[in-house]
Amino acid sequence: QVQLVESGGGLVQAGGSLRLSCAASGLTFSAYVMGWFRQTPGKEREFVASISRSGVSTNYAESLKGRFTISRDNAKNAVYLQINSLKPEDTAVYYCASDSKPWRTGLLTATRVGSWGQGTQVTVSS
């Protein structure tokens, strides 16, 4: 019943920026921790960022901190990922994710995820 739909991916030159969006339905959005993950062929799905129910608290993969910003708009049932200073190694399919239970706190780990979006492709050229 939960549906997450990503958009905003595409082809961009190294050093550029993208803003990914995720529209959520089928859940009480403000009650759920949300997050972003990414995956390339042959690799495990990698944690990128997560955000608390209110949006006050955020978590990032250590290596990505400073270039990636997660945010949410509970009035629009949407979560966003701003990516700046893109590098070729950022090329991946980016997935939006929601927690498996409401009213939780803390970082959204892959094992905690209840629903995944279909993914949006980000390709960074050099």
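In this structure, Y60 and I70 approach most closely via the heavy-atom pair OH-N, 2.9 Å. Taking both residues in full, the closest heavy atoms of A92 and T40 are given as CB-CG2, 3.6 Å, listed atom of the first, atom of the second, then distance. Here the closest heavy-atom approach between residue A110 and residue W116 is recorded as O-CZ2, 4.3 Å. Between N74 and R53 the shortest heavy-atom distance is ND2-O, 3.1 Å. When all heavy atoms of L11 and S125 are compared, the closest pair comes out as CD1-CB, 4.3 Å. Heavy atoms only, all atoms of each residue included: G119 and V93 are closest at CA-CG1, 3.8 Å.
Side-chain contact between R38 and V122: absent, with no pair of heavy atoms (C-beta onward) separated by less than 4.5 Å. Taking 4.5 Å as the limit, some side-chain heavy atom of C96 sits within range of a side-chain heavy atom of W36. Taking the side chain as every heavy atom from C-beta outward, P102 and T28 never approach each other to under 4.5 Å. Proximity of Y32 to V2: side-chain heavy atoms (C-beta onward) are nowhere separated by under 4.5 Å. Looking at Y95 and L4, their side chains never come closer than 4.5 Å, going by heavy atoms from C-beta outward.
Note on I51: it does not cluster hydrophobically with L108, by side-chain heavy-atom contacts below 4.5 Å among ILVMFWY residues. Using a 4.5 Å cut-off between side-chain heavy atoms of Ile, Leu, Val, Met, Phe, Trp and Tyr, with links allowed through other members, L81 and M34 fall into the same hydrophobic cluster. Transitive grouping of hydrophobic side chains (ILVMFWY, heavy atoms separated by less than 4.5 Å) brings V124 and V48 into a common cluster.
Judged by distance alone, with hydrogens and angles left aside, the side-chain atoms of R72 form no donor-acceptor pair with the main-chain N or O of V33 at under 3.5 Å. Checked by atom type and distance alone, the side chain of S100 pairs as donor or acceptor with a backbone atom of R112 at under 3.5 Å. Although no hydrogens or angles enter the test, the distance criterion places no donor-acceptor pair under 3.5 Å between the side chain of T123 and the main chain of T91. The backbone N or O of E6 sits less than 3.5 Å from a side-chain atom of Q118, completing a donor-acceptor pair. Of the possible donor and acceptor atoms, one in the side chain of R67 sits under 3.5 Å from a partner among the backbone N and O of S85.
Between Y94 and F68, the ring-plane angle classifies as parallel under the 30° and 60° cut-offs.
Rounding to the nearest 0.5 Å places OG1 of T58 at 10.0 Å from CG of L107.
Around atom CD of E62, no more than 12 heavy atoms belonging to other residues, nucleotides or ligands sit under 6.0 Å away.
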